[in-house]
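Counting from 1, the numbers follow the sequence of the chain as shown.
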Amino acid sequence: MHEITVYLFGSLKEEFGESKKIILRESPCSAFQIKTALYDKFREQQENLTKEEYILKSCVIACDDSILHNHDEVDINGEISLLPPVSGG
């Protein structure tokens, strides 16, 4: 198992009151596996969390400034971020 730091941005950072989460994962792992592990970690923090669809379907994983698709392998040594959807005007 590897300790992976995932940085949180935007509404996720505000929602959970911290800028990063640490998860344990085997290597290699996919972006979807990272999102699933984060969902489980958030679930531990807040029992009434109902953001599964939001985290698993709307947010994206980025690694070293590149957006990853769910099936893409994540470089666990890179800078990994969970990015919420944003809208602009």
Side-chain angles (χ1 to χ4, degrees):
M1 289 278 204
H2 298 276
E3 193 173 273
I4 302 171
T5 300
V6 180
Y7 295 93
L8 308 176
F9 292 93
S11 59
L12 293 170
K13 182 178 174 180
E14 294 169 15
E15 176 83 22
F16 298 103
E18 53 192 316
S19 62
K20 63 184 176 183
K21 285 280 189 189
I22 297 174
I23 59 172
L24 295 174
R25 290 298 309 169
E26 292 289 339
S27 179
C29 64
S30 69
F32 185 76
Q33 289 172 315
I34 295 282
K35 288 197 288 188
T36 301
L38 286 168
Y39 172 74
D40 292 341
K41 192 82 162 168
F42 294 145
R43 196 93 170 134
E44 291 172 7
Q45 184 177 331
Q46 297 185 6
E47 286 183 23
N48 62 348
L49 182 68
T50 59
K51 293 186 175 281
E52 178 179 24
E53 185 172 312
Y54 178 71
I55 292 171
L56 297 180
K57 294 185 180 178
S58 300
C59 296
V60 296
I61 294 289
C63 184
D64 294 332
D65 298 326
S66 294
I67 302 293
L68 302 178
H69 297 281
N70 280 337
H71 63 273
D72 289 337
E73 188 175 313
V74 176
D75 175 5
I76 63 170
N77 297 311
E79 184 173 302
I80 302 167
S81 304
L82 180 65
L83 306 173
V86 295
S87 61

**Asked** Which heavy atom in I23 sits nearest to a heavy atom in R25, and how many Å separate them?
**Response** CD1-CG, 3.9 Å
**Message:** Within the structure provided, determine whether M1 and E26 are in side-chain contact (heavy-atom separation under 4.5 Å).
**Reply:** yes
**C59 versus L12, closest heavy-atom pair with distance** = SG-CD1, 3.9 Å
**Residue among V74, V60, I80 satisfying side chain to side chain contact (heavy atoms under 4.5 Å, CB included) with L68** = V74
**Request:** Work out which heavy atom in F9 is nearest to a heavy atom in S81; give both atom names and the distance.
**Result:** CE1-OG, 3.4 Å
**Request:** For K21 and L8, work out which heavy atoms get closest and say how close.
**Result:** CG-CD1, 4.0 Å
**Asked** What pair of heavy atoms forms the shortest contact from L82 to V6, and how long is it?
**Response** N-CG1, 3.8 Å
**Item:** Validation row: N77, H2 side chains within 4.5 angstrom (heavy atoms)
**Value:** no
**Prompt:** Within the distance-only criterion (no hydrogens, no angle test), does the side chain of D64 pair as donor or acceptor with the backbone N or O of E79 below 3.5 angstrom?
**Reply:** yes
**Message:** If I take atom CD1 from residue I22 and atom CG from residue L38, how far apart are they, to the nearest 0.5 angstrom?
**Reply:** 11.5 Å
**Request:** Determine, using the 4.5 Å side-chain heavy-atom cutoff (strictly less than), whether Y7 and I67 are members of one ILVMFWY cluster.
**Result:** yes
**Message:** Please say yes or no: joined through hydrophobic side-chain contacts below 4.5 Å, possibly via intermediate residues, are L83 and Y39 part of one cluster?
**Reply:** no
**Asked** What closest approach, in Å, do C29 and I34 show between heavy atoms, and which atom pair accounts for it?
**Response** SG-CD1, 3.7 Å
**K35 side, atom NZ; S30 side, atom OG - distance, nearest 0.5 Å** = 9.0 Å
